[in-house]
Amino acid sequence: MKRWILWGLIIGCLFLVVPAGADGQTPDAGGQEKAVVTVTTKLVPDVGLERGGKSPAVEIFIDGKPTGFTAPHTFVLNPGQRYELRGKARGYTDDFREISFAPGEHNFQLSLRLNSFSFILYVFPALLWGALLTLGLTVVAVFNGIIIGTLVGIGRVIKSKVVNLIAGFYTDFIRGTPLLVQIFMFHFGLPPLLGLLTGTDAVYVPAIISAIVTLSINSGAYVAEIVRAGIQSIDRGQMEAARSLGLTYRQALRHVILPQAFKRVIPPLGNEFIAMLKDSSLVSVIAMEELVRTGQLLQGRFYRSTEIWLAVAIIFLCMTLPFTRLVAMLERRMKTGD
Amino acid sequence: MIKVVDLHKKFHRLHVLKGVSTEIAQGEVVCVIGPSGSGKSTFLRCLNLLEEPSAGQIFIEGVEVTDHKTIDVNEVRAEVGMVFQKFNLFPHKTVLENIKMAPMLVRGLSAEEAEERAYQLLERVGLRSKADAYPDQLSGGQQQRVAIARALAMRPKAMLFDEPTSALDPEMIQEVLDVMKGLARDGMTMVVVTHEMGFAREVGDRVLFMDDGLIVEEGPPEQIFTNPQNERTKAFLGKILKL
């Protein structure tokens with residue numbers, strides 16, 4: 001209670017003291033009152049400094065007219081007027097301030113924010129590096145996924161109950177749990193278990209390894225379903241014709257069924273690639289600096305979420321759209337080719 | 001040459017073949033007729049073990065092929081050629097490759113030998129000029145002739161035909177039947193499931209009439225077509241020949 005009263009007194013005294021001080025500065029000699037204004041500026045972010053290069057100069061405008069000076073600048077104002085002080089710099093949004101004449105010396109700081117377009121251009125290289133990692137992870141994951149998926153997919157159709165069962169368990173588990181949970185299971189859930197098994201402390205795996213392994217295993221299950229569907233879409237008569245000629249099941253699969261199935265599997269594999277390109281963003285949770293994680297880091301640094309997520313979305317689109325078109329083209333060609 | 005003893009086939013609860021017994025001699029052409037669902041296709045598919053018989057025995061040249069312990073089904077199938085209703089050519093391979101593949105993979109022929117054999121057979125079915133075409137570039141009749149050549153490339157001891165002309169446009173039926181007649185003339189042992197009564201009558205040495213999973217009546221074509229003994233045979237032929 002006492003403290004609030006004390007704060008009130010302190011603030012009240014400031015009000016009394018400040019105008020008095022200003023009055024005291026009023027020059028008596030010559031009867032001419034003067035106001036000396038010093039303008040400094042701040043660029044947010046200062047791209048020149050960020051890049052270790054040259055910052056753009058901020059031009060000072062008064063009442064919309066260029067003064068021809070750049071900040072920092074000190075000048076004298078005439079009495080009795082209001083002024084609009086404005087700073088302009090290339091790539092930045094203007095900052096302005098209404099000031100009215102008051103005798104004495106004044107300091108103003110204008111703070112210019114990089115405009116949205118320039119900001120996106122500014123963070124673009126960082127995002128592109130992230131996108132490169134996203135693309136790299138996806139290519140590696142889908143490549144491994146195709147190898148795993150082909151084997152598992154074949155494992156689901158061959159005449160072996162044990163293999164069918166194992167392959168079925170694998171696809172069920174991966175397709176029935178969220179990728180996010182799989183990432184956590186591998187990256188955080190597995191190390192203590194490994195430690196237990198080896199009799200040491202938890203064995204942590206680098207995030208990049210966790211990311212590649214989890215995404216590959218995940219992609220493998222989806223590719224397996226694609227391959228299985230591809231094999232089963234081949235007319236039964238093909239297998240019968242091959243077997244009736246004396247080919248073994250293996251030979252029939254290899255020379256008759258799989259070559260036809262692979263052709264049919266290409267468009268859905270393209271879709272799997274697109275899906276993985278987007279889903280790989282989940283590895284951001286284990287600090288893989290791919291596109292989304294890069295976006296999060298930039299957001300934390302600049303607090304400009306609108307521009308950053310817009311840019312992230314645009315980069316994703318630039319990667320997925322050409323692929324979508326390619327897949328559509330392949331699908332059309334398949335239809336006429338069959 | 002082929003001997004079938006009390007052959008049964010069940011699909012789960014469906015009893016399709018209920019004890020089929022017959023014997024097919026070397027060089028004989030046997031036509032199997034009967035209403036749909038009578039089990040004639042299943043009977044044919046059992047002969048090269050595409051369907052595994054539920055009970056009964058099949059002997060080919062005196063060897064029991066239904067004996068799992070001693071028999072490699074792939075070897076049996078290699079000796080018995082089969083032609084399907086829907087041709088089942090391999091669409092990703094050219095006509096020549098379709099014919100070459102099995103002899104190379106199963107018989108171990110060199111590419112040159114297989115190619116030479118393929119060209120001879122294409123000559124025989126009148127399609128030498130189509131060697132490099134893909135199946136979908138051929139008419140139905142041409143595809144079926146290629147399918148016959150493909151089966152013959154294995155030099156089978158017998159040929160099975162499963163309604164080989166049923167999927168064909170009428171104007172293409174004759175070209176396929178002509179190839180089959182040529183085969184019969186050359187002494188090939190053939191079992192033909194067919195609705196072509198004219199073919200059965202002209203080329204067949206014997207006709208089997210099947211109904212409800214059994215061979216109801218069998219005999220020379222003339223006898224079956226002009227003087228059927230069994231009531232069901234009479235009813236079936238009555239319906240067919242009216243058309």
Side-chain angles (χ1 to χ4, degrees), chain A residues 146 149-150 153-154 157-164 223 226-270 327 329-338, chain B residues 41 44-52 72-93 97-109 114 134-137 143-144 146-162 167:
Chain A
I146 288 172
T150 305
I154 293 171
V157 297
I158 61 169
K159 285 183 206 136
S160 160
K161 288 263 153 63
V162 184
V163 176
N164 292 163
V223 173
I226 293 170
V227 170
R228 182 187 61 80
I231 291 173
Q232 287 177 344
S233 76
I234 304 298
D235 185 63
R236 250 173 56 118
Q238 291 291 310
M239 178 55 94
E240 288 183 349
R243 297 307 302 275
S244 81
L245 289 165
L247 269 68
T248 63
Y249 184 79
R250 233 170 212 271
Q251 288 173 323
L253 210 56
R254 179 163 160 224
H255 295 279
V256 176
I257 304 297
L258 289 183
Q260 296 182 59
F262 272 128
K263 215 175 126 197
R264 285 193 199 179
V265 148
I266 291 170
L269 275 185
V327 169
M329 209 180 74
L330 281 173
E331 266 170 353
R332 263 202 309 279
R333 196 179 284 181
M334 294 282 117
K335 238 175 234 161
T336 52
D338 250 11
Chain B
S41 275
L44 197 73
R45 291 158 62 87
C46 280
L47 289 182
N48 75 344
L49 306 177
L50 268 186
E51 301 290 354
E52 194 184 317
D72 178 359
V73 287
N74 299 315
E75 279 173 24
V76 176
R77 293 193 185 118
E79 301 303 329
V80 183
M82 181 138 183
V83 175
F84 299 86
Q85 183 178 350
K86 288 182 187 158
F87 333 133
N88 295 345
L89 291 180
F90 307 131
H92 60 301
K93 290 182 180 290
E97 288 165 346
N98 261 277
I99 302 173
K100 274 166 68 179
M101 186 180 72
M104 287 171 67
L105 287 174
V106 181
R107 299 271 197 239
L109 258 61
Y134 281 90
D136 60 3
Q137 296 167 314
Q143 287 192 51
Q144 194 60 300
V146 172
I148 293 173
R150 180 177 69 176
L152 289 174
M154 290 299 287
R155 303 246 162 104
K157 292 175 180 148
M159 286 281 282
L160 311 175
F161 294 84
D162 190 2

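Naming convention: chains lettered A, B, ... in sequence-line order (proteins, then strands); numbering from 1 in each chain. Keep in mind it's a predicted model, so treat the numbers as computed, not measured.
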Asks: Relative to chain A, which of B:Gln85, B:Met82, B:Glu75, B:Arg150 shows the most heavy atom pairs under 4.5 Å?
Replies: B:Arg150
Asks: Please evaluate residues A:Val256 and B:Met101 with respect to the criterion side chain to side chain contact (heavy atoms under 4.5 Å, CB included), reporting the C-alpha separation (whole Å), side-chain torsions for both, the decisive distance (0.1 Å), and the verdict.
Replies: CA-CA 10 Å; A:Val256 176; B:Met101 186 180 72; 3.6 Å; yes
Asks: Which heavy atom in B:Asn74 sits nearest to a heavy atom in A:Leu247, and how many Å separate them?
Replies: OD1-O, 3.4 Å
Asks: Provide the closest heavy-atom pair for B:Leu105 versus A:Gln251 in the form atom of the first, atom of the second, distance.
Replies: O-NE2, 3.5 Å
Asks: Is A:Gln238 close to chain B through its backbone or its side chain, or both, or neither, when contacts mean heavy atoms under 4.5 Å?
Replies: both
Asks: Can you say whether B:Phe84 sits under 4.5 Å from chain A via the side chain, the backbone, both, or neither, judging by heavy atoms?
Replies: side chain
Asks: Check each atom of B:Leu49 against the heavy atoms of chain A and say whether the ones under 4.5 Å are side chain, backbone, both or neither.
Replies: neither
Asks: Restricting to non-hydrogen atoms, name the atom on B:Ala151 and the atom on A:Leu245 that form the minimum distance, rounded to 0.1 Å.
Replies: CA-CD2, 4.0 Å
Asks: Looking only at heavy atoms, what is the nearest atom pair of A:Ala241 and B:Phe90, with distance?
Replies: CB-CE2, 4.1 Å
Asks: Heavy-atom cut-off 4.5 Å, strictly under: side chain, backbone, both or neither for B:Arg107 against chain A?
Replies: neither
Asks: In Å, rounded to the nearest 0.5 Å, how long is the span from CG of B:Leu50 to CE of A:Met239?
Replies: 11.0 Å
Asks: To the nearest 0.5 Å, how far apart are CD in A:Glu240 and NZ in B:Lys86?
Replies: 10.0 Å
Asks: Got a second to check how far B:Met154's CE is from A:Ser244's OG, nearest 0.5 Å?
Replies: 9.5 Å
Asks: Measuring heavy-atom distances to chain A, does B:Val83 have an atom under 4.5 Å in its side chain, in its backbone, in both, or in neither?
Replies: neither
Asks: Of A:Lys263, A:His255, A:Gln260, which meets side chain to side chain contact (heavy atoms under 4.5 Å, CB included) against B:His92?
Replies: A:Gln260
